[in-house]
Protein chains: 2
Amino acid sequence: MTTTPPTATRPTARLTPRREAVAQCLATAGDFRSAQELHGDLANAGTKVGLATVYRALADLVEVGRVDALTRPDGETVYRACSGSHHHHLVCTECGTTVEVADDRVEQWASEMARQHGFDVVQHQVEVFGRCANCR
Amino acid sequence: MTTTPPTATRPTARLTPRREAVAQCLATAGDFRSAQELHGDLANAGTKVGLATVYRALADLVEVGRVDALTRPDGETVYRACSGSHHHHLVCTECGTTVEVADDRVEQWASEMARQHGFDVVQHQVEVFGRCANCR
DNA sequence: CTTTGTGCAAAGGCTTTGCATGCTT
DNA sequence: AAGCATGCAAAGCCTTTGCACAAAG
């Protein structure tokens with residue numbers, strides 16, 4: 001599974017400088033970043049943290065709901081600060097171009113489907129793959 | 001990227017007995033199976049094929065459009081025979097329960113978004129994660 | 001005879017875990 | 001002093017690749 005949330009009360013994960021650094025770096029980036037990219041970003045910014053710590057920080061941030069995570073088709077997990085407006089992506093399978101799209105209808109659809117089946121929506125992952133205008 | 005489709009004409013990938021076995025095994029299963037699960041299924045069915053062959057067969061089947069592939073949140077890629085009706089999933093992040101949902105609206109939405117941006121839709125991936133009735 | 005498929009084992013990439021150390025409380 | 005956070009390195013998992021051999025055209 002992606003999250004670990006079962007046993008009720010969340011012990012209020014500690015907010016350490018490293019975790020803040022990770023969260024802020026992600027917020028600054030604005031879009032999706034992989035753990036390794038973030039690790040690099042932090043290093044470039046002069047903040048030296050271990051890769052494992054980045055992974056652990058991200059796991060915690062996801063758990064407390066400050067960060068969203070999704071898995072790309074190549075299997076890498078990417079993270080994004082929760083703040084920004086929610087949107088999805090159109091990805092060109094040839095050149096890799098990515099276009100962000102936002103449309104409430106999908107969000108509504110997801111909630112509705114979940115409600116219908118007694119689910120409590122936590123997250124949804126919607127990515128559309130195809131060929132962009134230039135590659136057709 | 002997930003697919004390799006660029007250079008126009010597809011050389012008609014060869015249809016060998018192993019590939020047929022993989023395709024059929026997947027069709028029989030009906031739902032999503034990972035490469036490793038399929039490898040196991042085939043072994044159980046008495047069809048001995050190497051794991052690498054299963055991966056290669058699946059890659060080809062995806063390329064020629066006989067199989068759909070999607071990546072789960074844990075990073076594993078799962079495959080499904082293209083035939084069956086297209087649907088998406090509601091996945092419980094706690095117990096793993098999966099519910100299939102079908103609704104044209106998402107399909108329409110995906111096509112529309114793509115068209116609006118000049119994309120040619122090839123595939124889309126829509127999964128909703130949450131907690132099911134039993135786990136709430 | 002040339003081309004493509006197959007197996008096996010090794011290599012790769014991303015992520016998690018074990019263990020000792022350093023802070024925080 | 002007790003408990004969690006960190007780093008580093010090792011281990012894990014899924015997937016891909018290299019290479020030699022067999023099969024198909």
Side-chain angles (χ1 to χ4, degrees), chain A residues 1-4 7 9-26 32-43 45-64 66-80, chain B residues 1-4 9-26 32-43 45-64 66-67 69-80 93 96:
Chain A
M1 303 302 98
T2 308
T3 43
T4 335
T7 22
T9 18
R10 214 151 267 81
T12 313
R14 231 181 266 177
L15 231 353
T16 77
R18 261 80 167 212
R19 276 173 204 189
E20 262 313 324
V22 172
Q24 194 173 79
C25 186
L26 199 50
F32 284 99
R33 307 293 286 167
S34 70
Q36 318 239 7
E37 286 170 340
L38 273 173
H39 181 239
D41 293 349
L42 288 164
T47 311
K48 292 198 180 308
V49 297
L51 181 54
T53 300
V54 174
Y55 276 106
R56 287 189 276 234
L58 287 169
D60 282 358
L61 291 168
V62 166
E63 189 172 341
V64 296
R66 288 188 52 185
V67 163
D68 273 345
L70 78 76
T71 309
R72 297 191 308 203
D74 68 346
E76 220 183 343
T77 302
V78 288
Y79 305 83
R80 180 194 57 191
Chain B
M1 300 303 95
T2 308
T3 43
T4 335
T9 17
R10 214 151 268 81
T12 313
R14 233 180 264 177
L15 232 352
T16 77
R18 260 81 168 212
R19 276 174 204 188
E20 262 313 324
V22 172
Q24 194 173 79
C25 186
L26 200 49
F32 284 100
R33 306 293 285 167
S34 70
Q36 318 239 8
E37 285 171 339
L38 273 173
H39 180 240
D41 293 349
L42 288 164
T47 311
K48 292 197 180 308
V49 298
L51 181 55
T53 301
V54 174
Y55 276 106
R56 288 188 275 234
L58 287 169
D60 282 358
L61 290 167
V62 167
E63 189 170 344
V64 297
R66 288 188 51 185
V67 163
L70 78 74
T71 309
R72 297 191 308 203
D74 68 346
E76 222 184 340
T77 303
V78 288
Y79 306 83
R80 179 194 58 190
T93 54

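In what follows, every heavy atom counts, from backbone to side chain, and hydrogens, waters and symmetry copies are set aside. Sequence lines set the chain letters: A, B, ... in the order given, protein chains first and strands last, and positions in each chain run from 1. Treat the numbers as computed from the prediction; the structure is a model and nothing was measured.
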Would you mind reading off the distance between Glu20(A) atom CD and dT24(C) atom P, rounded to a whole angstrom?
15 Å
May I ask you to evaluate whether Thr53(A) reaches the phosphate of dA5(D), defined as a side-chain N or O under 4.0 Å from OP1 or OP2?
no
Applying side-chain contact (heavy atoms from CB on, under 4.5 Å) to Arg18(B) and not counting sequence neighbours gives Thr16(B), Val49(B), Thr53(B)
Could you go through nucleotides 14-18 of chain D and list every protein N or O atom that sits under 3.5 Å from one of its N or O atoms, giving the distance for each pair?
{"unit_1": "dT15(D)", "atom_1": "OP1", "unit_2": "Thr77(B)", "atom_2": "N", "d": "2.9"}
{"unit_1": "dT15(D)", "atom_1": "OP1", "unit_2": "Thr77(B)", "atom_2": "OG1", "d": "3.4"}
{"unit_1": "dT15(D)", "atom_1": "OP2", "unit_2": "Tyr55(B)", "atom_2": "OH", "d": "2.3"}
{"unit_1": "dT15(D)", "atom_1": "O5'", "unit_2": "Tyr55(B)", "atom_2": "OH", "d": "3.1"}

Rounded off to whole Å, could you give me the CD-to-C1' distance for the Glu63(B) and dG5(C) pair?
15 Å
Please state how far atom NE2 in His39(B) lies from atom C1' in dC13(D), giving the value in whole angstrom units.
16 Å
Of the non-hydrogen atoms in Tyr55(A) and Gln36(A), which two are nearest, and what is the gap between them?
OH-NE2, 3.3 Å
Between atom CG in Asp74(A) and atom P in dG12(C), what is the gap in whole Å?
18 Å
Do Arg66(A) and Glu20(A) sit within salt-bridge range, that is, some charged N less than 4.0 Å from a carboxylate O?
yes
Distance check needed: dG7(D) P versus Leu42(A) CG, whole Å only.
10 Å
Taking 4.0 Å as the cut-off, does a side-chain nitrogen or oxygen of Arg18(A) come that near to OP1 or OP2 on dG7(D)?
yes
Rounded to whole angstroms, how far apart are CZ on Arg33(A) and P on dT15(C)?
14 Å
Roughly how many Å is it from CG in Leu58(A) to C1' in dC14(C), rounded to a whole number?
13 Å
CG on Leu61(B) to CG on Leu26(B), rounded to 0.5 Å:
8.0 Å
Tell me whether Glu37(B) contacts the main-chain N or O of Ser34(B) through its side chain, where contact means a donor paired with an acceptor under 3.5 Å.
yes
Enter the distance from Thr71(B):OG1 to Asp74(A):CG here, rounded to the nearest 0.5 Å.
7.5 Å
